[in-house]
Participant: 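One structure, pasted below without further comment.
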Amino acid sequence: MKLRPMQAEDLDAVAALESHISPGPWTRGIFRDCMQAGYDAWVLKDETDLLTAFGVLSTGASEAHVLNLGVSPAQRRRGYGRKMLMHLLSRAGQLGAERAFLEVRVSNTAAQQLYRSAGFHEIGVRLNYYRNTDGREDALVLSMSLVRDVHFFKEG
């Protein structure tokens, strides 16, 4: 597996995968705009150069936001989503973020399990946040600290 920054030549494959896995997909132009805006955008490709996963992260003001993360349906449940998520969180820390946020569809229980197992917890709900085939769907807002709390205990 090869994890590397997303490049212009990846945009068609990323947009195609996104349109296959999301009921309200980002367009090729949205991914292009994210790259042009300087967001951290990454792809994970297999040994045959086939796109396995992608991720987009924004950072600023000591916060990070996982904007999008997708995994090819044929490659799910093999750790690639976790690998991409952990890479994005590592990048967020390197870029000075102390807290990470993301939204996830209320119907996407597999992604929720991944995010919770990585340390995210629910902090709210965004009503009608996502488009889907039935109209709109709520999103859970999840957050996690990227800084380990240090506690000093006084003996006595």
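Nothing fancy with the numbering, it's 1 onward along the sequence.
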Participant: Can you find a heavy atom in the side chain of Leu44 that is under 4.5 Å from one in the side chain of His87?
Facilitator: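 Leu44 does not reach His87 side chain to side chain.
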Participant: To the nearest 0.5 Å, what is the distance between CD on Glu103 and CZ on Arg126?
Facilitator: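 Here the rounded value is 4.5 Å.
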Participant: Looking at Arg116 and Glu122, does any basic side-chain N land under 4.0 Å from a carboxylate oxygen?
Facilitator: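 Glu122 and Arg116: salt-bridged.
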Participant: What pair of heavy atoms forms the shortest contact from Gly55 to Leu88, and how long is it?
Facilitator: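 For Gly55 and Leu88, the tightest heavy-atom pair comes out as CA-CD1, 4.0 Å.
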Participant: Provide the closest heavy-atom pair for Arg28 versus Ala8 in the form atom of the first, atom of the second, distance.
Facilitator: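 Shortest heavy-atom contact: NH2-O, 4.1 Å.
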Participant: Is the closest side-chain heavy-atom distance between Cys34 and Met6 below 4.5 Å?
Facilitator: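 Contact flag for Cys34/Met6 side chains = no.
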Participant: Taking all non-hydrogen atoms of both residues, which atom of Ser19 and which atom of Pro25 are closest, and how far apart?
Facilitator: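 Taking every non-hydrogen atom into account, CA-CB, 3.6 Å.
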Participant: Are Leu50 and Val43 connected in a single hydrophobic cluster, I mean Ile/Leu/Val/Met/Phe/Trp/Tyr linked by side-chain heavy atoms less than 4.5 Å apart?
Facilitator: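 Val43 and Leu50: separate clusters.
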Participant: Between CG of Asp10 and CZ of Arg32, what distance do you get to the nearest 0.5 Å?
Facilitator: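 Answer rounded to 0.5 Å: 14.5 Å.
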Participant: Of all the heavy-atom pairs spanning Ala139 and Tyr130, show the shortest one and how long it is.
Facilitator: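 Heavy atoms only, the tightest pair is CB-CE1, 3.4 Å.
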Participant: For Arg78 and Thr52, does a side-chain donor sit closer than 3.5 Å to a side-chain acceptor?
Facilitator: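 Checked: Arg78/Thr52 side chains show no N/O donor-acceptor pair below 3.5 Å.
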Participant: Would Val14 and Ile30 show up in the same hydrophobic cluster when neighbours are defined by side-chain heavy atoms closer than 4.5 Å?
Facilitator: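 In one cluster: yes.
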Participant: Kindly compute the distance separating OG (Ser62) from CG (Leu95), expressed to the nearest 0.5 Å.
Facilitator: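 Result: 12.5 Å between the selected atoms.
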Participant: Looking at side-chain heavy atoms only, is the closest gap between Leu17 and Pro73 below 4.5 Å?
Facilitator: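 The answer is yes, as the side chains (C-beta and beyond) meet within the 4.5 Å cut-off.
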Participant: Would you call the rings of Phe31 and Trp26 parallel, tilted or perpendicular, taking 30° and 60° as the class edges?
Facilitator: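 Aromatic pair Phe31/Trp26 classed tilted.
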Participant: Under a 4.5 Å cut-off applied to non-hydrogen side-chain atoms, are Leu3 and Met84 in contact?
Facilitator: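 Yes, close enough: below the 4.5 Å cut-off.
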Participant: Looking at CG of Asp134 and CG of Asn132, how far apart are the two atoms once the value is rounded to the nearest 0.5 Å?
Facilitator: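 Between Asp134 CG and Asn132 CG, I get 5.0 Å after rounding to 0.5 Å.
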Participant: Please report the closest heavy-atom contact between Ala13 and Leu51, naming both atoms and the distance.
Facilitator: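 Minimum heavy-atom contact is O-CD2, 3.5 Å.
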Participant: Does Arg77 have more than 12 heavy atoms from other residues, nucleotides or ligands lying within 6.0 Å of its CZ?
Facilitator: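 Atom CZ in Arg77 is not packed in, count stays at 12 or less.
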Participant: Is Met86 reachable from Leu146 through a run of I, L, V, M, F, W or Y residues, each pair having side-chain heavy atoms under 4.5 Å apart?
Facilitator: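 Linked within one cluster.
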Participant: How far apart are the C-alpha atoms of Val141 and Tyr129, what are their side-chain angles, what is the distance that settles it, and do they pass the side chain to side chain contact (heavy atoms under 4.5 Å, CB included) test?
Facilitator: CA-CA 10 Å; Val141 182; Tyr129 185 74; over 6 Å; no
Participant: Check the pair Gln94, Asp40 against side chain to side chain contact (heavy atoms under 4.5 Å, CB included), reporting the backbone distance first and the verdict last.
Facilitator: CA-CA 12 Å; Gln94 292 168 8; Asp40 250 41; over 6 Å; no
Participant: Taking Glu18's backbone N and O only, do any of them form a donor-acceptor pair with Ser22's side chain (distance below 3.5 Å, no angle check)?
Facilitator: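 Looks like no, no N/O pair under 3.5 Å.
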Participant: Could you tell me whether the side chain of Leu142 reaches within less than 4.5 Å of the side chain of His121, counting heavy atoms only?
Facilitator: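 Answer no - side chains too far apart.
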Participant: Is there a chain of hydrophobic side chains (I, L, V, M, F, W, Y, each step under 4.5 Å between heavy atoms) that links Leu102 to Met144?
Facilitator: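 Cluster IDs for Leu102 and Met144 match.
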Participant: What's the separation between atom OH in Tyr115 and atom CZ in Arg82, rounded to the nearest 0.5 Å?
Facilitator: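 Between atom OH of Tyr115 and atom CZ of Arg82 there are 11.0 Å.
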Participant: Can you tell if the side chain of Leu11 reaches within under 4.5 Å of the side chain of Met35, non-hydrogen atoms only?
Facilitator: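 The answer is yes; the side chains approach within 4.5 Å.
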Participant: Quick one: closest heavy-atom pair of Leu89 and Ala100, and the distance?
Facilitator: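 The pair with the smallest heavy-atom distance is CD2-CB, 3.8 Å.
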Participant: Determine whether more than 12 heavy atoms belonging to other residues, nucleotides or ligands lie under 6.0 Å from atom CZ of Phe101.
Facilitator: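 It does: Phe101 CZ has more than 12 such atoms within range.
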Participant: When you compare the side chain of Arg136 with that of Arg131, does any pair of heavy atoms fall below 4.5 Å?
Facilitator: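 Contact flag for Arg131/Arg136 side chains = yes.
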Participant: Say you draw a straight line from CD of Gln112 to CG of Leu114; how long is it, rounded to the nearest 0.5 Å?
Facilitator: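 Going from CD on Gln112 over to CG on Leu114, the span is 11.0 Å.
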Participant: Would Leu140 and Phe120 satisfy side chain to side chain contact (heavy atoms under 4.5 Å, CB included), going step by step from the backbone distance to the final call?
Facilitator: CA-CA 11 Å; Leu140 300 179; Phe120 281 88; over 6 Å; no
Participant: If you define the side chain from C-beta out and look only at heavy atoms, does anything of Asn128 sit under 4.5 Å from Asp138?
Facilitator: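 When only atoms from C-beta onward are counted, Asp138 and Asn128 do touch, with a gap below 4.5 Å.
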Participant: Hydrophobic clusters here meaning ILVMFWY residues chained together by side-chain heavy-atom distances under 4.5 Å, can you tell me if Leu57 and Leu69 are in one?
Facilitator: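 Same cluster.
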